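This report concerns only the one structure given below.
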Amino acid sequence: MAAPDHTVEAFTWHFLHEINFGQGVDLYRASANDKYLALARTVRHYLAARWLVNLRHQHETQSKSVAYLSAEFLLGPQLENNLLAAGLEDIAAQSLANLGIDIEELRGVEVEPGLGNGGLGRLAACFIDSLATLNVPSVGYGIRYEYGIFRQTFVDGKQVEKPDNWLAMGSPWEIAHPENAVEVTFGGHVEDEGEGRRWVPAWSVLGVPYNYMVPGYLNGRVNTLRLWSAEATKAFDLKIFNAGDYAQAVRAQTFAENISKVLYPEDSTPQGKELRLQQQYFFVACSLRDFIETVLPEDYDLHRLPERIVFQLNDTHPVIAVPELMRLLVDERGWDWDEAWAVTQQVFAYTCHTLLPEALEVWSVELLGRLLPRHLEIIYRINEEFLEKVREAYPGDELRVRRMSIVAEQPERAIRMAHLATVAGHKVNGVAELHSQLLADKVLHDFAELWPEKFTNVTNGVTPRRFVRLANPSLSGLITEAIGDGWVTDLEQLRRLEPLAEDAEFRRRFREVKALNKRELAETLWVRDGLELAGDAMVDAMVKRLHEYKRQSLKLLHIVSLYEGISSGRVPLESVTPRTFVFGAKAAPGYVRAKETIELINAVGRTINEDPALEGRLKVVFPPNYNVTLAERLIPAADLSEQISLAGKEASGTGNMKFALNGALTIGTDDGANVEIRQLVGDDNFFLFGMTEPEAAALQSKGYEPGEYYESDPQLKAALDLIASGAFTEGDRGGAAGSIFSSLTERDRFMALADFRSYMDAQARVEEAYADHEAWSRSAVLNVARSGFFSSDRSIRDYLDRIWGADPVDHS
Ligand code: F58
């Protein structure tokens, strides 16, 4: 069936049809939610026609696909993106206007699928957008969590988590296929069988696929995102129901459904929880089976698997797919080990997203052996053969053998998933130049020495469709007027804006755009949270997960220091640049220090915001529940982007790219992709401060003494003392204030005080630069013009060239 016509009439017909027969109501009685669901399904009709054509074509041409395996896809709102990709923005707006419906109201009804924690999950969402836009046949595989990342609320300034019941009002973008459910088994034991081994599992669940369409931008390609939901198997039910214990049988269902119930809200320290391992195995087992048994033709010779697929492992969360594929080939298909290993190595590649040692996943052998006994055996064998190679390459170096082993012996016997991924994958990549360098030099040094050709870099990127075209329509309009609209799919074209940085009229219009975006942000924050900005002051934004290494507390010291200077009378109020400090950050629920930092930011914010002397000069706003929807409002309004992690800790960052592309200037350390941003936009258009990675490493090994900084810098001491005095916490010197004070002054792994002076100096340079509106907007325009490199389209092209060896296809 052909797609409905791209006309207002056809669109209206489908929309009304959906209202009447999809929602079962008359238009005059339809709620905003009815209209939203009908609108979404109407858009789906348009996409589905192309989707089916693509799937058929892919089947016929047997082209190579990319499977992006990721435990998280932080999609954000779908309606606007799908309207844009399908070329339906104007048609839908016209159609709804004719019916007297406000499309903005319907957008407001949409609940974003928050199926990710932060950068890693959002990157996966950007990547599937770019894969589709670049016409690469691909599928994203993940988990359909019933509850995504928690909804953050503040009670007395403290974070309180609420469940994210994103499915409650219906989920119009997904299509469930219970008939294609896959059975996944767990537990039990392993027996000898002839020459080989046989896994006799103890229990199983069903994985039900839910398909989402992933449209490319105006190119007619629609790829698939397939998310798995866990359900009880029929056999499992029957057995218990027949045994007569109804309640027990219902409980068993709940047990199975638990697997995809909730996204773990961790940011960098995986907890090693059994349910998390169940989630990981669940989704990769479903995905491998799905690809091999459903996507490939029935008689497909799996020796040729690498011709049809590459599985990209998004961090170590899907790495259990490696022994799973070995098991499918060796145990279930009777392949010889070496043959299976050769194929396995060719189809997997691994992306690492961290540098923090505590973020590297390990699974205790006890747990892995209990849940996946056959996989543990396979991992042991992979390790044996690998260590044999290490011994050959480095005879007598047993220390190295122990360092490199996939199996750690201390503090308990455990499987190091990053080692397994590195051994199995044909490529390993970091996510920014510095990160990839540090991976090869430090985190995975031994491996990079053994296999230098395996290691590569792919600097992250973000989709220009969502984060410029949709989030910032005014800037998009201005850009398009100047250079045409080719930039949306070829972001390097932004370079053509460079000469306009010298054009006073263009800069004036650029400032107008920023001012408009600020007004819209102010409106959003007022309606959403009752928060007010400081007039049209500088918007200084720090939005990212709350973590000590990202150093929100350093930002807080800057704010407290300004406040302390003003309130002590040392700094004349008129000399302070009016600013609104905007924070957005969720803390992992179990991360006490992070939650205390939130509490302290809110306490400082309350004090500053209530001080009448500071009215219109300084404001601190911390809207709760920072998410993709809010990011799209906030980033376009920002003047200053805070990227202040300790050098050598932030793998890349992607928020930093979004801000630069929307014309904010960065104040940042030489960390992650900041390094590349600075190189591209130029030192004059970036506020660099802080230790470099080698300097930070040297200080760490020499022994960091925070007290020295505290004692020797009066401004720093005054700010810290003010916090410790309880001035922001109603006289309470313990609690959050006491705890943050002592963590910064006694034993801070992330050495915030060591960078304080240089950060303050950089902030002074910011104030000076901001005072010259013309020069600032010149820099801001240059940030936009020179950040085209950070398109996720470029990242995907790099993956294609350096890792996947797959090509875009002509699917017409
Ligand atoms: C992030 N990692 C990096 N992890 O911190 C960031 O520098 C990078 O830009 C981004 O990945 C994309 O490459 C990250 O977001 C997680 O959220 C994990 C979720 C699961 C538990 C462990 C952390």
Side-chain angles (χ1 to χ4, degrees), residues 68-74 114-127 142-143 145 148-150 262-273 275-277 279-280 283 312-319 350-363 417-418 429-436 438-439 443 457-463 467 543-551 585-591 594 626 628 643-659 668-669 671-677 750 790 792 795-796 798-799:
Y68 200 75
L69 293 181
S70 179
E72 304 189 0
F73 287 91
L74 184 44
L115 308 184
N117 271 288
L120 171 150
R122 183 53 236 177
L123 186 76
C126 285
F127 280 2
I143 302 174
Y145 301 104
I149 184 71
F150 63 84
V262 60
L263 167 78
Y264 273 97
E266 290 167 357
D267 58 345
S268 58
T269 18
Q271 296 289 317
K273 292 264 167 55
L275 186 58
R276 195 172 156 88
L277 181 58
Q279 292 184 332
Q280 296 184 352
F283 98 88
Q312 188 66 33
L313 302 165
N314 196 24
D315 216 283
T316 53
H317 320 139
V319 169
Y350 162 51
T351 306
C352 176
H353 294 266
T354 192
L355 282 161
L356 303 180
E358 69 269 28
L360 296 174
E361 272 193 313
V362 288
W363 290 109
M417 300 306 270
N429 75 285
V431 288
E433 289 289 350
L434 174 67
H435 175 231
S436 298
L438 292 171
L439 270 187
V443 184
N457 171 251
V458 179
T459 298
N460 283 166
V462 302
T463 170
F467 289 106
V543 289
K544 47 188 77 251
R545 282 301 286 257
L546 211 139
H547 200 290
E548 285 161 284
Y549 85 79
K550 296 180 187 276
R551 303 198 297 190
K586 292 183 183 181
Y591 189 174
Y626 179 67
V628 179
Q643 308 300 336
I644 62 177
S645 50
L646 173 63
K649 302 295 172 192
E650 187 69 88
S652 161
T654 44
N656 48 2
M657 302 169 183
K658 296 168 196 166
F659 280 106
T669 48
D671 200 14
N674 295 355
V675 176
E676 288 154 82
I677 293 177
F750 304 105
F790 300 107
S792 46
S795 307
I796 291 300
D798 287 350
Y799 275 97

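All figures in this text were calculated on a predicted structure; none of them were measured in a lab. All residue numbers in this chain count up from 1 along the given sequence. What you see below is based on every heavy atom in this structure, not just the backbone, and it leaves out hydrogens, waters and symmetry mates. Both ligands and their constituent atoms are indexed starting at 1 by order of listing.
- Between Tyr264 and Gln279, some side-chain heavy-atom pair lies under the 4.5 Å cut-off.
- Remark: Glu361 engages Arg276 in a salt bridge, criterion side-chain N to carboxylate O under 4.0 Å.
- Glu676 contributes no side-chain N or O that, together with a main-chain N or O of Ala432, makes up a donor-acceptor pair within less than 3.5 Å.
- Under the rule for a side-chain hydrogen bond (donor to acceptor under 3.5 Å, both in side chains), the partners of Asn674 that lie at least two apart in sequence or sit in another chain are Asn656.
- With sequence neighbours excluded, no residue forms a ring-ring contact (aromatic ring centres under 6.0 Å, His included) with Phe467.
- Partners of Tyr68 under the side-chain hydrogen bond (donor to acceptor under 3.5 Å, both in side chains) rule, at least two apart in sequence or in another chain, are Asn314.
- Ligand 1 is surrounded by Glu72, Asn117, Gly119, Leu120, Leu123, Glu266, Asp267, Ser268, Arg276, His317, His353, Val431, Asn460, Tyr549, Glu650, Ala651, Ser652, Gly653, Thr654, each with at least one heavy atom closer than 4.0 Å.
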